[in-house]
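The structure under discussion appears below in the form of structure tokens.
Lettering follows sequence order; numbering is per chain, from 1. Because the structure is predicted, anything quoted here is derived from the model rather than measured.
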Number of protein chains: 2
Amino acid sequence: MERSPHILIVDDDREIRALLSQFLGRHGCRVSVAKDGPEMFRTLEAARIDLIVLDLMLPGEDGLSLCRKIRADQRLPIIMLTAMGEETDRIIGLEMGADDYLAKPFNPRELLARIKAVLRRGHQPAEAERPEGARVLEFDGWRLDLARRSLHSPDGVQVQLSAGEYDLLLAFAERPQRVLTRDQLLDLARGRAATPFDRSIDVQVSRLRRKIEPDPKEPTVIKTVRSGGYIFTPDVARL
Amino acid sequence: MERSPHILIVDDDREIRALLSQFLGRHGCRVSVAKDGPEMFRTLEAARIDLIVLDLMLPGEDGLSLCRKIRADQRLPIIMLTAMGEETDRIIGLEMGADDYLAKPFNPRELLARIKAVLRRGHQPAEAERPEGARVLEFDGWRLDLARRSLHSPDGVQVQLSAGEYDLLLAFAERPQRVLTRDQLLDLARGRAATPFDRSIDVQVSRLRRKIEPDPKEPTVIKTVRSGGYIFTPDVARL
DNA sequence: CGCGCCCTGCAACAGCGCGTTACAAACCCC
DNA sequence: GGGGTTTGTAACGCGCTGTTGCAGGGCGCG
């Protein structure tokens with residue numbers, strides 16, 4: 001890690017802010033602090049933050065809500081601070097999209113360790129930031145143009161895809177040869193969780209097959225894995 | 001059918017093994033235990049483990065070393081248990097490639113929470129993982145294509161396998177010339193434990209034989225081992 | 001060698017996961 | 001706000017899969 005990481009501490013307790021700021025500063029981090037959501041967003045605007053340490057309990061909007069808001073428009077590592085208690089695991093198990101969490105009271109050294117671990121784990125290039133990743137994905141002669149969100153068949157004609165079909169196909173093509181559950185697909189392509197008897201992915205897969213399978217009755221590109229999900233079988237070249 | 005995660009606990013303290021095994025079992029996990037490295041590797045061979053909880057301090061080879069060995073040939077989520085101490089962060093900061101760690105003593109609920117979090121995070125194919133690993137298994141002229149989940153007979157025609165038949169055949173082909181119990185097969189192919197009078201493997205073997213045995217009346221590929229299980233006899237080449 | 005127990009193979013059946021279609025709700029672009 | 005398009009939901013039918021029961025056969029034991 002050459003450039004020293006810039007950490008943003010979000011906590012309403014002035015003492016904690018001071019303590020962590022000092023401790024992390026002494027260990028090679030640049031540190032900013034914020035006492036609530038608005039202040040946090042102002043800092044995010046102004047600085048290039050590498051990681052946020054976010055308290056769960058905050059005046060006004062709570063940490064969980066802020067966490068989702070941040071994630072909505074950028075992929076930024078977040079470590080949550082939670083009050084120790086019975087609900088800890090429930091919170092985690094639920095949905096907080098944080099990269100890690102830590103129960104108070106904690107040892108600052110442990111926080112530092114987790115910060116390093118999360119940073120080392122590294123930004124999985126999350127969609128938006130991929131200035132020169134693949135612009136086109138090719139499979140079985142098909143070409144999926146990420147810039148234009150368009151699809152061309154092996155013989156060169158453009159196939160019209162709806163927004164949802166494109167998103168779903170992209171989710172598949174970026175993860176070829178892996179079984180993807182309906183939950184994962186729903187998350188990847190729609191950004192939402194499943195409702196109790198959610199069949200929307202099934203239907204959307206069916207519609208997509210109609211457009212890209214040689215024989216939709218006998219799918220070879222997107223195969224069904226019973227009680228598992230679906231798998232995108234072709235090799236994908238990133239151009 | 002929701003596939004329940006299979007957790008392997010590696011710790012030399014019998015009491016911890018018992019405690020965790022019981023606790024995780026009560027919370028919807030299937031659990032295996034091992035007291036040291038050799039035992040761990042034996043279990044990894046025999047079962048389809050989803051996540052390892054690995055103690056740092058072990059007799060013989062220590063956890064860190066084991067962790068690296070595991071990572072050398074497969075991507076498998078690992079949570080390390082460390083003795084609380086000043087070195088915690090140093091260890092983390094250093095190189096242990098674990099997905100998470102937990103300092104002893106800890107609350108089992110927290111371990112469960114972290115297990116769920118790591119599993120949910122899902123094997124994000126950690127960069128280096130993809131290229132390796134066999135793409136095709138060949139035996140007796142048959143070809144099992146792992147990417148496409150398809151099977152081709154010696155004369156080249158594709159044989160339709162149901163999802164369950166494929167999973168079962170894969171479990172066999174990855175462990176040729178070893179007697180596999182019904183319990184093991186159920187774990188490997190279905191990710192579940194046996195019910196009291198479970199005969200589903202027998203039936204599925206029968207269905208599979210119908211498709212791949214030259215003479216299903218006289219099986220040569222998948223042989224029955226009376227009161228033992230089944231054994232997959234051909235040599236398997238990994239291409 | 002014959003009897004009986006237990007293990008296994010397999011047909012028949014039932015439950016349910018999934019593909020598909022039809023339709024309604026939501027969205028979108030003037 | 002209205003037409004067309006897209007997306008989610010409900011419903012139906014098919015085929016996969018676990019269960020059950022029975023028949024056949026191995027193996028121990030007398």
Choosing from [options], which nucleotide comes nearest the side chain of [X]?
X: Ser200(A); options: dT20(C), dT20(D), dG8(D); value: dG8(D)
X: Val203(B); options: dA11(C), dT17(D), dG9(C); value: dA11(C)
X: Thr195(A); options: dT6(D), dT9(D), dG21(D); value: dT9(D)
X: Ala163(B); options: dT7(D), dT17(D), dG9(C); value: dT17(D)
X: Arg226(A); options: dG17(C), dT8(C), dT19(D); value: dG17(C)
X: Arg182(A); options: dG8(D), dG19(C), dG9(C); value: dG19(C)
X: Thr224(A); options: dC18(C), dG8(D), dT19(D); value: dC18(C)

- Can you tell me if Thr224(B) and Arg209(B) form a side-chain donor-acceptor pair at under 3.5 Å?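 There is such a pair between these side chains.
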
- Distance-only donor-acceptor check, side chains Arg135(B) and Gln177(A), under 3.5 Å: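 A donor-acceptor contact under 3.5 Å links the two side chains.
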
Separation of [N] [atom2] from [X] [atom1] (nearest whole Å):
X: Arg192(A); N: dT9(D); atom1: CZ; atom2: C1'; result: 11 Å
X: Arg199(A); N: dC16(C); atom1: CZ; atom2: P; result: 14 Å
X: Phe197(B); N: dT20(D); atom1: CZ; atom2: P; result: 9 Å
X: Ile201(B); N: dT8(C); atom1: CD1; atom2: C1'; result: 14 Å
X: Asp202(B); N: dA11(C); atom1: CG; atom2: P; result: 14 Å

- What is the minimum heavy-atom distance between Gly229(A) and Val179(A), and which atoms define it?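 Shortest heavy-atom separation between Gly229(A) and Val179(A) comes out as N-CG1, 4.4 Å.
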
- Considering all heavy atoms, the nearest Asp50(A)-Pro77(A) contact: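 So the minimum-distance heavy-atom pair works out to O-CD, 3.2 Å.
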
- Under 4.0 angstrom between Ser227(A) side-chain N/O and dC16(D) OP1 or OP2: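 Looking at the OP1 and OP2 atoms of dC16(D), neither is under 4.0 Å from any side-chain N or O of Ser227(A).
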
- Task: Hey, can you tell me if Phe232(A) and Phe172(A) have their rings parallel, tilted or perpendicular (30° and 60° cut-offs)?
- Result: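 It falls in the parallel class, under 30°.
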
- Examine the base of dG18(D) for any acceptor or donor lying under 3.5 Å from a partner atom in the side chain of Arg207(B), and report the outcome as yes or no.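 Flag set: donor-acceptor pair detected.
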
- Task: For Tyr230(B), report the nucleic acid contact type (base, sugar-phosphate, nothing); a contact means any heavy atom under 4.0 Å.
- Result: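 If one applies the 4.0 Å heavy-atom cut-off, Tyr230(B) turns out to touch the sugar-phosphate alone, with no base involved.
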
